[in-house]
Q: 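Attaching a single structure in C-alpha cells format; questions to follow.
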Amino acid sequence: MKTFKLIILSALSSFFVLSCSKEYDDSELWDKVNSLDDRITSIEEKIESMNKEITSVENIVKALEKRLYITNITSLSEGYEILFSDGSKIIISDGKDGEDGKDAPIINVRLYEGQYYWTQTINGETDWLYDNEGNKVPASGVDATTPLLKVDSDGYWIISYDNGNTYARVFDENGNAVKAIGQDGEDGNSFFDSVEIIGDELWITLKDGSEIVLPIGKQSPYKAVDLGLSVKWASFNLGATVPEELGELYFWGDPTGKGEFMSFEAPDMDNICGTEYDIVRQMWGGTWKMPSENAGLELYLSCKWTRTIVNGVEGMKVTGRTGNSIFLPATGYGLPKSGPSPIQTQRVNIENGYYWVGDSYKDSYGRFGFYFYFDKSNPSNVCHSYNTSFAKCAIRPVKE
C-alpha cells in the first residue's frame with residue numbers, strides 16, 4: 001500500500017518540476033490527491049477489519065467442530081463479544097449502514113464432504129477459494145489455513161494462503177482481477193450483516209446471505225422446537241447431532257435402520273407413526289415419532305420456507321408463527337449402488353431434501369411411503385411417494 005502512495009507522489013513531483021516556471025493554482029489537484037489518500041487510508045482500515053473477521057469466521061468453524069455453546073454475549077460499540085463454553089471468545093462486527101462496494105470479496109466457509117473450505121463471494125457469485133495448485137483451501141482439519149487479504153500497488157485485491165509470505169490476485173467468476181480502489185463508492189466494512197437471538201440460538205447472517213447458528217447455553221440432546229403447529233419438530237435429523245448434519249437415510253418402516261436393498265420388506269400398514277415399526281420411537285423413545293402426512297402438510301402450509309446456507313450447509317430455514325425456526329438440510333435420497341453384496345447406499349439429488357412421513361399406501365406394485373420434499377427454490381408438499389423397498393430418505397422427528 002505504501003508503494004502505491006509513493007507512485008502517486010512521485011508522479012506529482014515530476015509534474016510540479018515541469019510546471020514551476022508558470023503560476024499555477026494546484027488546489028484542485030491537491031484536493032484530488034488528499035481525497036485519494038483518504039480513500040487509500042480507508043482501504044487499509046478495511047483490510048485490517050476484513051482480516052480480523054476472517055479470523056472470527058475461522059474461530060466460529062472451530063466452535064462448530066468442537067460442539068461449543070455460547071455462555072455470554074456482550075454488546076460492544078462495534079458489535080458483539082461472544083464467549084464460548086471453552087473460554088474462547090470472538091468479536092462479531094455489526095453490518096454498517098450504507099452502500100457496500102460492488103467488488104469487495106466476502107470470505108466465508110462451506111462444508112464439503114465433511115470438511116469446511118474457504119469461499120469467496122464477488123458481485124453476488126460464490127465460488128471456492130483455490131490455492132496455486134487449484135485445490136480448495138481448507139478451513140478445518142490438520143491442513144487448515146487462514147487467508148489474508150491486501151491490496152497491491154495497482155489497487156487490486158490480493159490474497160495469501162501461507163501467513164502472508166506470498167500473495168496472488170483475487171479473480172471474479174469471469175477471471176478478471178478484482179479492483180479495490182475504483183468508482184463504486186464506499187466499501188462495506190463487515191462480512192457480517194446482522195446478529196439476532198431466536199429462542200436459545202444466535203443467528204448470524206453474513207453479507208453473502210448465508211447464516212451461522214450457534215447454541216446459547218447447553219442444549220438438550222433431543223430438542224423440540226415449537227413452531228406454533230400441532231406437533232413440535234426436532235432441531236436436527238434422525239442420525240444427526242446438530243441441525244446442519246444430514247443424518248442417515250432409512251427405509252420406510254425399518255425400525256432397526258439395518259434393512260438392505262432388494263431384501264427389505266416394509267410392514268403392511270398405512271400408518272406407522274408411534275408404532276413398533278417407527279424407527280424414531282425405537283431410537284429416541286418417549287413420545288418422539290415420525291411426522292404424519294398431515295403434520296408434513298401443516299409444516300408446508302403454515303410456515304415460511306427460505307432457501308439458505310446454515311453453518312456451511314445448504315437447505316431450508318422453516319420459520320413458524322412463533323418466530324422459532326428449524327433448519328432442514330438438503331439430504332438427497334438413497335438408491336442402491338452397483339457393486340457386490342451387501343449393496344451400499346448412494347445419495348443422489350443432494351441439492352434437494354427428501355423426508356419420510358409415517359403414512360403409506362399399497363397397490364399392485366408394492367407399498368409406497370409418502371415423503372415431503374424441497375428443491376433449490378421451493379418447498380413442495382407430501383404428495384410424493386417412493387417404493388419402500390427401493391429408496392431411502394431422511395427423517396425429521398416430531399413430538400406432541
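By convention here, the first residue in the shown sequence is residue 1.
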Q: Decide salt bridge (Lys or Arg N to Asp or Glu O under 4.0 Å) for Lys376 and Glu314; before the verdict, give the C-alpha distance in whole Å, the side-chain angles of both, and the deciding distance to 0.1 Å.
A: CA-CA 9 Å; Lys376 265 192 168 294; Glu314 289 196 51; 3.1 Å; yes
Q: State, yes or no, whether a side-chain contact exists between Asp152 and Tyr167 at a heavy-atom distance under 4.5 Å.
A: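 The answer is no, as the side chains (C-beta and beyond) never meet within the 4.5 Å cut-off.
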Q: Checking Ile197 against Ile73 for the side chain to side chain contact (heavy atoms under 4.5 Å, CB included) test, could you report, in this order, the C-alpha distance in whole Å, the side-chain angles of both residues, the deciding distance, and whether it holds?
A: CA-CA 10 Å; Ile197 295 176; Ile73 301 173; 4.0 Å; yes
Q: Report yes if the side chains of Arg396 and Pro329 come closer than 4.5 Å at any heavy-atom pair, otherwise no.
A: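 When only atoms from C-beta onward are counted, Pro329 and Arg396 do touch, with a gap below 4.5 Å.
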Q: Applying ring pair (Phe, Tyr, Trp, His ring centres under 6.0 Å) to Trp284 and Phe236, what does each step give before you reach the verdict?
A: CA-CA 12 Å; Trp284 285 20; Phe236 51 81; 5.6 Å; yes
Q: Is Lys179 positioned over the aromatic face of Tyr156, cation under 6.0 angstrom from the ring centre and no more than 45 degrees off axis?
A: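 Yes - Lys179 lies over the ring of Tyr156, closer than 6.0 Å to its centre and within 45° of its axis.
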Q: Thr322 and Asp226: side-chain donor and acceptor closer than 3.5 Å?
A: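 No.
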Q: Looking only at heavy atoms, which two atoms of Phe327 and Val313 are closest? And how far apart?
A: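 So the two residues come closest at CZ-O, 3.3 Å.
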Q: Are any of the side-chain heavy atoms of Arg67 and Thr241 separated by less than 4.5 Å?
A: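 In contact.
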Q: Can you tell me how the ring of Phe368 sits relative to the ring of Tyr361, calling it parallel under 30°, perpendicular over 60° and tilted otherwise?
A: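 Because their plane-to-plane angle is under 30°, the rings of Phe368 and Tyr361 count as parallel.
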Q: Is the Lys NZ or Arg CZ of Lys317 less than 6.0 Å from the centre of Trp203's six-membered ring, within 45° of the axis?
A: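 The answer is yes; both the distance and angle limits are met.
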Q: Under 3.5 Å, side chain of Asp254 to main-chain N/O of Gly259, donor-acceptor pair present?
A: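 Yes.
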Q: Quick check against the 3.5 Å criterion: does Gln219 have a side-chain atom that pairs as donor or acceptor with the backbone of Gly217?
A: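 The answer is yes, because a donor-acceptor pair under 3.5 Å joins these two groups.
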Q: Return yes if some donor-acceptor pair links the side-chain N/O of Asn349 with the main-chain N/O of Asn352 below 3.5 Å, else return no.
A: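 A pair under 3.5 Å: no.
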Q: Carefully, step by step, assess Lys289 and Thr275 under the rule side chain to side chain contact (heavy atoms under 4.5 Å, CB included).
A: CA-CA 8 Å; Lys289 61 182 180 179; Thr275 71; over 6 Å; no
Q: Do Tyr300 and Phe372 make the cut of ring centroids closer than 6.0 angstrom?
A: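 Between Phe372 and Tyr300, which both carry aromatic rings, the centre distance is not below 6.0 Å.
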Q: If hydrophobic clusters are built by linking Ile, Leu, Val, Met, Phe, Trp and Tyr wherever their side-chain heavy atoms come under 4.5 Å apart, do Tyr130 and Phe171 end up in the same one?
A: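 No, it is not one cluster - the side chains of Tyr130 and Phe171 are not joined through contacts under 4.5 Å.
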Q: Could you walk me through whether Trp128 and Tyr112 pass ring pair (Phe, Tyr, Trp, His ring centres under 6.0 Å), step by step?
A: CA-CA 10 Å; Trp128 302 105; Tyr112 178 76; 5.8 Å; yes
Q: Could you measure the distance from the OG1 atom of Thr205 to the CZ atom of Phe192? Nearest 0.5 Å is fine.
A: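 If I round to the nearest 0.5 Å, the distance is 11.0 Å.
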Q: Would you say that Asp200 contacts Pro215 through its side chain, given a criterion of any heavy-atom pair below 4.5 Å between the two side chains?
A: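 Heavy-atom side-chain distance check fails, nothing below 4.5 Å.
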Q: What closest approach, in Å, do Thr388 and Ala266 show between heavy atoms, and which atom pair accounts for it?
A: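 Closest approach of Thr388 to Ala266: OG1-CB, 3.3 Å.
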Q: Should we say atom OH of Tyr117 is surrounded by more than 12 heavy atoms from elsewhere, each under 6.0 Å from it?
A: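 Yes, enclosed.
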